[in-house]
Amino acid sequence: MEEKLVKSYRITQPGFSMMNLMKDICEGFLEVGTNTIHDDIVSCADAHSSPVAPKEWETHDLTNSERSKNNLALDDLKSSTSRSTVIVQKQHFPHDILSSTYYIDDITRGEEDLEISLINDLNNGQHPMFKYIPRNITYHRAHAKVAFSSISDDNCCSNCFGDCLSSEIRCACADNTGGKFAYLPGGIVKEEFLEDFILMNCSPHQKNLCYCEECPLERSKDSCLSGTCNGHLVRKFIKECWYKCGCAQGCGNRIVLRRVHRLQVFMTPEGKGWGLRTLEDLPKGAFVCEYVGEILTHMELSERNSLNTGKKNTYSVLLDAGWSTKRVLKDEETLCLDATFYGNVARFINHSCDNANLVGIPVEVETPGHHYYHLAFFTSRKVDALEELTRDYGIDFSDHTHLVNAFRCCCGSQFCRDKKA
Ligand SMILES: C[S@@+](CC[C@H](N)C(=O)[O-])C[C@H]1O[C@@H](n2cnc3c(N)ncnc32)[C@H](O)[C@@H]1O
């Protein structure tokens with residue numbers, strides 16, 4: 001064997017020994033292994049070696065087209081993540097209990113002004129399977145057309161300049177928010193507006209509901225006969241300035257298209273899967289993030305759900321704040337946002353039955369009319385750094401017709417509405 005090696009590799013060193021070569025190779029391997037253990041940091045290839053999906057992904061049974069779409073997104077995600085820093089700290093190695101921290105420094109891959117990190121120091125749940133997008137994108141049939149021609153003078157303040165909030169003259173954008181601006185300088189929603197929004201979102205009493213003549217939710221059900229509308233929460237809108245307005249980019253009435261606070265996705269200890277928290281103290285009324293996803297018609301969402309073996313989607317919200325109209329809405333006007341495959345950080349916000357610290361406010365920016373709008377989350381009270389950010393999904397846990405799949409609620413509140421919890 002030694003002779004064969006000497007010949008084939010033209011080894012000229014006198015006294016060459018195959019045994020010594022094997023010994024050197026083994027020692028080399030051992031040294032590399034020992035360094036990795038002491039380094040506390042291993043490569044991201046290691047981090048991906050046995051990804052374990054949180055329960056939502058395991059139960060999401062995809063159709064072929066969705067699966068290939070999802071795989072594409074995941075391939076992209078994996079390759080992009082390997083470009084960013086993934087640090088896995090091994091505290092006990094190589095014993096049977098492998099306690100690890102999974103950390104990604106920026107899940108947005110540079111799409112946002114501020115990085116958003118993700119951390120799991122609880123279990124081996126790794127990559128959330130989705131692709132980060134910073135703005136809503138139409139999937140197919142949804143009518144969310146942005147056109148300058150559709151914005152009339154009543155819907156923008158083309159004669160303004162500088163900062164509308166500090167102007168003496170009330171402009172068209174203020175007129176659209178009940179004659180006043182909703183924001184204080186610094187982007188905080190005024191107390192009077194915020195309390196109204198909180199009341200409307202959090203008290204699903206009869207007086208806060210409006211009823212459609214022909215409800216799009218009923219229309220999308222299999223039955224040929226449309227049932228009666230169960231009601232939609234009445235909500236006020238904020239109107240913001242936009243490109244067609246004359247004011248400056250830094251105008252105090254332009255908030256939701258900005259990214260302002262440091263946030264982190266983390267694995268929740270209560271078993272809710274991933275959650276979102278703030279890394280800094282937030283005052284009451286502060287803008288946190290917008291709900292971003294694919295813009296679908298309600299019919300398209302129902303089709304996705306039925307392709308998904310009837311399981312309801314977890315990452316969708318209805319844009320139904322303008323459904324009070326007497327006019328029968330066309331399918332392309334009944335919109336929702338689905339952040340299952342494409343979305344932003346808001347997809348990680350968990351539900352709280354009581355004491356949620358975020359409130360969702362409809363914000364009109366670049367499209368007049370209320371069938372498409374931005375759903376922006378603001379703090380409903382002061383929030384401390386590292387506190388989880390939650391919103392009330394408005395779920396009636398006994399109503400199985402609700403848009404979002406019912407789950408066993410772990411919000412921990414004494415007023416939890418899930419009687420099974
Ligand atoms: C929009 S996602 C929120 C992010 C999700 N936790 C994740 O890991 O991606 C909604 C899902 O989160 C979980 N969830 C949200 N709030 C919860 C709660 N209060 N209790 C238990 N699970 C919750 C449920 O599985 C729900 O279907």
Side-chain angles (χ1 to χ4, degrees), residues 51-62 70 73-74 77 102 104 107-108 116-133 136 202 263-278 288-294 296 301 304-305 308 310-319 336-360 375 377 387-421:
V52 176
K55 58 184 187 308
E56 289 87 0
W57 320 335
E58 286 167 0
T59 53
H60 192 89
D61 200 1
L62 300 172
N70 205 15
L74 289 179
L77 191 68
Y102 183 70
I104 300 177
I107 56 161
T108 81
I116 299 174
S117 58
L118 173 144
I119 188 162
N120 178 4
D121 50 11
L122 280 183
N123 54 37
N124 52 1
Q126 294 185 358
H127 264 351
M129 294 205 221
F130 79 112
K131 179 134 192 188
Y132 197 99
I133 52 167
N136 293 330
C202 302
L263 305 171
Q264 184 177 60
V265 176
F266 73 110
M267 186 55 74
T268 60
E270 301 88 359
K272 298 180 284 190
W274 297 103
L276 183 67
R277 65 186 169 195
T278 168
V288 171
C289 62
E290 172 189 350
Y291 199 100
V292 168
E294 289 176 87
L296 264 65
L301 182 70
R304 268 195 188 177
N305 285 340
N308 187 19
K311 277 185 213 129
K312 270 183 263 175
N313 185 312
T314 315
Y315 297 95
S316 49
V317 291
L318 266 189
L319 298 182
C336 50
L337 298 173
D338 182 12
T340 309
F341 306 118
Y342 297 91
N344 77 341
V345 73
R347 77 193 291 286
F348 295 108
I349 301 172
N350 286 319
H351 160 84
S352 185
C353 291
D354 182 55
N355 203 28
N357 47 25
L358 297 182
V359 59
L375 180 59
F377 292 105
E387 213 181 304
E388 181 174 2
L389 295 161
T390 56
R391 65 184 179 96
D392 188 336
Y393 290 4
I395 296 186
D396 172 352
F397 284 88
S398 58
D399 173 10
H400 302 293
T401 61
H402 195 277
L403 180 76
V404 171
N405 221 5
F407 46 85
R408 172 83 40 108
C409 186
C410 310
C411 75
S413 157
Q414 57 169 319
F415 302 110
C416 179
R417 300 195 295 269
D418 184 4
K419 300 295 171 235
K420 300 185 298 310

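Remember, it's 1-based here, ligands and their atoms both numbered in the order they're listed.
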Participant: Below a 4.0 angstrom heavy-atom separation, can you tell me which part of Phe407, side chain or backbone, both or neither, approaches ligand 1?
Facilitator: side chain
Participant: Output yes when a side-chain donor or acceptor of Asn350 lies under 3.5 Å from a complementary backbone atom of Trp274, and no otherwise.
Facilitator: yes
Participant: Quick one: do Ile107 and Phe348 satisfy side chain to side chain contact (heavy atoms under 4.5 Å, CB included)? Show the steps, please.
Facilitator: CA-CA 12 Å; Ile107 56 161; Phe348 295 108; 4.1 Å; yes
Participant: Number the atoms of ligand 1 from 1 as they appear, then name those within less than 4.0 Å of a heavy atom of Cys409, with their elements.
Facilitator: 19 (N), 20 (N)
Participant: Mind running side chain to side chain contact (heavy atoms under 4.5 Å, CB included) on Arg391 and Tyr291 for me, showing each step along the way?
Facilitator: CA-CA 12 Å; Arg391 65 184 179 96; Tyr291 199 100; 3.9 Å; yes
Participant: With a 6.0 Å cut-off on the ring centroids, do Phe397 and Phe407 count as close?
Facilitator: yes
Participant: Does the ring centre of Phe266 sit less than 6.0 Å away from the ring centre of Tyr102?
Facilitator: no
Participant: With a 4.0 Å cut-off on heavy atoms, is Cys411 touching ligand 1?
Facilitator: yes
Participant: Asp338: what forms a side-chain hydrogen bond (donor to acceptor under 3.5 Å, both in side chains) with it, not counting sequence neighbours?
Facilitator: Arg304, Asn313, Thr340
Participant: Under 4.0 Å from ligand 1, counting heavy atoms only, is it the side chain of Thr390, its backbone, both or neither?
Facilitator: neither
Participant: Check each atom of ligand 1 against the heavy atoms of Phe348 and keep those under 4.0 Å away; list them by number with element.
Facilitator: 4 (C), 9 (O)
Participant: Could you walk me through whether Phe415 and Cys353 pass the side chain to side chain contact (heavy atoms under 4.5 Å, CB included) test, one step at a time?
Facilitator: CA-CA 7 Å; Phe415 302 110; Cys353 291; over 6 Å; no
Participant: Within ligand 1, which atoms have a heavy atom of Trp274 less than 4.0 Å away?
Facilitator: 4 (C), 5 (C), 6 (N), 7 (C), 8 (O)
Participant: State which residues pass salt bridge (charged side-chain N to carboxylate O under 4.0 Å, His left out) with Arg417; sequence neighbours excluded, sorted by chain then number.
Facilitator: Asp392
Participant: So is there a nitrogen or oxygen of Cys410 less than 3.5 Å from a nitrogen or oxygen in ligand 1?
Facilitator: yes
Participant: Which of the numbered atoms in ligand 1 are below 4.0 angstrom from a heavy atom of Tyr393?
Facilitator: 1 (C), 2 (S), 3 (C), 10 (C), 15 (C)
Participant: Which bit of Arg408 gets closer than 4.0 Å to ligand 1, counting heavy atoms only: side chain, backbone, both or neither?
Facilitator: backbone
Participant: For Leu276 versus Val345, what's the shortest heavy-atom pair and its separation?
Facilitator: CD1-CG2, 3.3 Å
Participant: Is there a polar contact between ligand 1 and Tyr291, counting only N or O atoms under 3.5 Å apart?
Facilitator: no
Participant: Numbering the atoms of ligand 1 from 1, which are under 4.0 Å from a heavy atom of Ile349?
Facilitator: 3 (C)
Participant: Test your reading of the structure: does Asn350 have an N or O sitting under 3.5 Å from an N or O of ligand 1?
Facilitator: yes
Participant: Below 4.0 angstrom from a heavy atom of Arg347, which ligand 1 atoms are there? Numbered from 1 as shown, please.
Facilitator: 1 (C), 2 (S), 3 (C), 4 (C)
